[in-house]
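To start, the structure under review is shown below, and the notes come after it.
For ligands, and for the atoms within them, numbers begin at 1 and follow the listed sequence.
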Amino acid sequence: MKNIAILGSTGSIGVQTLDVIRLHKNTLKVVGLAAGEKLDLLERQVREFEPAVVSCSTQVIAATLEQRLSDLIQRPHIGYGIDGAQLVATWGSCDLVVGGLPGSVGLRPTFAAVDAGKDVALATKEVLVMAGDLFMHAVASKGVRLLPVDSEQSAIFQCIQGNKSEGIRRIILTASGGPFRDTPMQEMHSISVEQALDHPRWKMGPKVTIDSATLMNKGLEVIEARWLFEVPVSRIEVLLHPESIVHSMVEFDDGAIMAQLGAPDMRIPISYALAYPDRIASGSAAVDFPRLGRLTFHEPDTNKFPLLAAAYDILRDPDPSSSIVFNAADEVAVDLFLRKRIPFGEISNIVLDAMQRVPGASIRSLDDVEAFHQEVVRIVKAQHEA
Ligand code: MG
């Protein structure tokens, strides 16, 4: 039996993780669930999976949950806030922590899991983008296993099984191109929230869906790949692949290319991370190749999607704090867009502007990362929220 804790259990990754676990109740056991404010869903999850520890965002929600669960004979320990999420991430009997909290809130609990010696199935991109160096050092010094959940990173991880990373000539990250791949440049500025949230291939949370529409998401994945696989940025390429069947590829020194294919279904990378190195049923549908007919590939237009090009600039910048600026400015800009305060085209302008204007900071610890993130958020908000 493998004991699993899920950070972000009511989000897209969390719900799909539980879908996979539901198929394997004899081998996978949920011991902890950390969620935010979706109380009804969290209550249903607790009743179904009977975790030992649960956490939600606030004390008030925790008290309500406690009340609602009063009929249970085996009641879970209930915490709240970052401390509660950390308690879930470090729970004694837990073997593997699924890091699926969206955004910078996932940082501290994911680090806590590693510090407690837990293996981590990582979906939260911000952990590697904001603190890649610190996190990879922590993973190495604790000797824990880090399993990528992001579909592209999982694909690369699957492609390099049995090979040495020194033999990698090229990592080719595929991107669906989002809903606006073929939208003319001049129409990009006025795209609505509803249009941007309607992703053609993947079922995801709102932040990553908007990031997919700007290709910021692919930029973040370039940064993620650099840390996860320790390859220089010059060896990481992005290729548009609208069908989303090839989830990424690795080319080796001999010219051989390994690719991982499958339906665009997050339950595949999730199940691989849960059962690694075994393979278990994920519930995913089979790929119908004759019906697909063909798979196509195109070079991304970095003029139309400047945030993808900016990610490469970030990785070439010797100042490690620049990726914190990149990420924090986007967090603010996407939030402003989702609240209909700025047009779509302004998202990339805000991020590029912050990269120019916000001075760097010395980063030595997780505290430094969080303090600088907050600082950048404050600066960018002050500029654009007035
Ligand atoms: Mg991805």
For this session: Could you tell me how the ring of W91 sits relative to the ring of H77: parallel (under 30°), tilted (30 to 60°) or perpendicular (over 60°)?
Result: tilted
For this session: Test the K164-F252 pair against the cation-pi criterion, namely NZ or CZ under 6.0 angstrom from the six-membered ring centroid and within 45° of the ring axis.
Result: no
Exercise. Checking K304 side chain against T183 main chain: does a donor-acceptor pair fall under 3.5 Å?
Worked result: yes
For this session: Sum up the protein N, O or S atoms located under 2.8 Å from the Mg ion (ligand 1).
Result: 3
For this session: List in chain and number order the residues that pass ring-ring contact (aromatic ring centres under 6.0 Å, His included) with F180, two or more places apart in sequence or in another chain; answer none if no residue qualifies.
Result: F344
Problem set entry | T296 backbone acceptor or donor facing E243 side chain under 3.5 Å | yes
Exercise. Does the side chain of N327 come under 3.5 Å of the side chain of K125 through a donor N or O and an acceptor N or O?
Worked result: no
